[in-house]
Structure formats: structure tokens, C-alpha cells
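In listed order, ligands and their atoms are each counted from 1.
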Amino acid sequence: MSRRSLKRYLASAAAVAVGAGLTLSVHAQNNYQAVVDAAYAKYKDLKEGKNADYIPALAKVDPNLYGIALVMPDGKVYSAGNLTTQVSIQSISKVFTMAQVIQEQGLESIEKRIGVDATGMRCNSSVAVEFAQKSLGGPELNPLVNPGAITTTSMVTGATSDAVWTKIIGVHNDFAGRQLKVLQDVYKSESDSNQRNQAIGMLMYAYEFIKSNPQQATDLYTRQCSIGVNAKDLATMAATLAFGGKNPATGKQAIDPKNVPYVLAVMATAGLYDDSGKWLYHTGLPAKSGVGGGIIAVSPGKFGIAVVSPPLDDAGNSIRAQRAITDISNALGGNPLASKPR
Ligand code: DON
């Protein structure tokens, strides 16, 4: 962003922060922190939205939980609010299992088996599966809606369910830069209430998208959705995508740089469910939301960002997360679609 617009934003950021009782330094070195602090303060008292409750454990999460993390190319983290409380990663995990399959089996594996098109339907739609049938000219799903995601999980190779799981949790660990764990209460709660996903898994098997045990695929998918993450984990995962698949904190190459654009493309098309177009229109950022309340967003070469805040809008996306990321990215010139006249 231009110096002038950054200055303008920081002035309003300072006003918001000061209004919220915060002291804010706008010294040059603290610009990023000031932008994060301002977005945090601006939405802290927002009361809109509601936790997801179709997975009973999610309804019990504190709706006031709110954390922002911004990770830069050198791994430096700017943050505000709660960075330690874990929520379940939910649909954000779909990004990393897709990355694992593209890394293992090439970019065509996903495109040919599942498709990379937005469905225009809800993420757990079985009607989308009917329309995407190969006999009707499919596949026209993508790995970020449930039928495509369960299929993606089924594509991770391994002789046993444990061997497949080791790879799935492994890729998430590499992106986050630490050993993540499943939140067992969420896993149990979703396993007890995921009849719809079980049906989708079966349907995907019936239509030959899934070629192995569909119950195993749905179970592993449910487990991956229950991985516990905090805002800093999620921002580090986003930053790993922002910087060519290399984790800026650990230096580990999680996936090859050549595979990153394909992952980001699907996030841009389908990362925020039915509101993906609206999101892209306002931010230009490849992103992914989860019903646990997290959203990750990627500004390629610039930063990775994540916000955790459980209350969701009608489309299933965290309200505070959408607003805070939009403000921060726009203030920092994060929109990769913004061009400048020569
Ligand atoms: O499959 C589900 O319903 C959840 N495990 C994940 C949902 C989610 O975050 C958004 N979309 N389907």
C-alpha cells in the first residue's frame, strides 16, 4: 500500500485503539502491530453471529474467543488477543490434505478425480454430488466441499488407516511447525453426529469417486477436522503457503513450491463456501474458513494471516475473522489482484 494510505489507516487505527482504551505507538517499526491491534480493537465487542451447533461440541466453545496472528516472511508474528486457546481446524484441514495429495500424486490427480470447480451449493450438499456424477459430465466438485474433501482424504495412500493418518497429521504438523493433536471431544461429538457425511462418503463410493473403504475415509476426514489449532498455528500454516510451501518459522519445506499455486487456486475459488466470490471481490486473497471459527488467508510473498473467532454468519464463515482480515490485508496492501499503473 502507498505510504499515504498506510498513514491514513494508521491514523484511524490509532483513533479506534485509543477509543478502546489502548495506547498505540505508530512508530514505523510498529506499523504491522498497530494495524493488527486496530483490527482487534475494532471488532472485539462485535456481537453478531452464532457458533456452529450442528456439531454439539462446537456450540460449547466460548464465543468471545478472539485471536489474530499475522506471520511475515522472516517468521515474525504480529498478534492480538488469544493465541493459545485451541479450536478444531474443521474445513481448513481440507486445504492441507489436498496439498498432501497434490504433492504425492500430482496436480491432475485432484483435477481428474474430483474437479476444481465451485459447486454453487452448500459444502455438505448431496445434490452437488448428483450433478457432479461422471455420467453427467463431471467431475465438477472440488476438494474444499465435503464430498470432494472426503474423497481427497480417501486418496492419501497407506496400507492401514493408521498409516494414512500419520501422513495426514504429518502434513498439518509441517505446515504448523509443531505437533498438533486431535481434540477428542470434538472428534467424538462429530463422529456421533456426522450421518450426513457418512451418507456423502457412501454416495461418493457408489459413483466411483472414492475407490477404497468409504467409512474409513469419512472417519479419517472427521479426525482431520478435529485437529486442535490456535490462531498462531493457523497463521503459520497460511504463511507456509504464502512463502512457497516453506514454513517461515521452522524452515521446513512442507510442499514443493510448484504445487502451491494449485492449492491457492482452489482456496480462491471455493474457500469461503457460497461467499467465496464476495470474499475474493473484497480482498483478492485465497482463504479458507472452518466452522470452528478460524479463517486463514494468504497474500503470496507478503504474509499469512489467521483469525479465530467462533461466531459465524449464515454462510458459515467467522464474522470477526472476515472483517479483521479484510481490514488488515487492505491496510497492508495484501490484495494480490491489485495492479498499479506503470
Ligand atoms: O464436515 C463437516 O461438516 C465439518 N467437519 C467441517 C465443516 C466446515 O468447517 C465447513 N464445511 N463444510
Using a strict 4.0 Å cut-off to heavy atoms of [X], name the atoms of ligand 1 that fall inside it.
X	answer
C225	5 (N)
E190	1 (O), 2 (C), 4 (C), 5 (N)
Y273	8 (C), 9 (O), 10 (C), 11 (N)
Y54	2 (C), 3 (O), 4 (C), 6 (C), 7 (C)
Y221	1 (O), 2 (C), 4 (C), 5 (N), 6 (C)
K94	11 (N), 12 (N)
V291	7 (C), 8 (C), 9 (O), 10 (C)

- Would you call the rings of Y66 and Y40 parallel, tilted or perpendicular if under 30° counts as parallel and over 60° as perpendicular? parallel
Between [Y] and [X], does any NZ, NE, NH1 or NH2 come within less than 4.0 Å of an OD or OE carboxylate oxygen?
X	Y	answer
E104	K167	yes
K188	D192	yes
K258	D256	yes
R323	E48	yes

- For atom 6 (C) of ligand 1, what is the nearest protein heavy atom, given as residue, atom name and distance? Q90 OE1, 3.2 Å
- What protein heavy atom is closest to atom 11 (N) of ligand 1, reported as residue, atom name and distance in Å? C123 SG, 2.6 Å
- Check: T84/N230 side-chain N/O donor and acceptor closer than 3.5 Å: no
- Query: With distance as the sole criterion, is a donor-acceptor pair present between the side chains of N146 and N197 under 3.5 Å?
  - Reply: yes
- Query: Looking at D327, N317, D313, which one forms a side chain to side chain donor-acceptor pair (under 3.5 Å) with Q322?
  - Reply: D313
- Counting only heavy atoms, which portion of N197 has something under 4.0 Å from ligand 1: side chain, backbone, both, or neither? side chain
- Task: Record the part of N146 in heavy-atom contact with ligand 1 below 4.0 Å; permitted values are side chain, backbone, both and neither.
- Result: side chain
- Item | Backbone or side-chain N or O of N124 under 3.5 Å from ligand 1 N or O | no
- Look at ligand 1 and say whether G290 reaches it with a heavy atom at a distance under 4.0 Å. yes
- Message: Strictly distance-based, threshold 3.5 Å: is any side-chain N or O of S109 a donor or acceptor partner for the main-chain N or O of G106?
- Response: yes
- Best match, S88, S91, S289: closest heavy atom to atom 9 (O) of ligand 1: S91
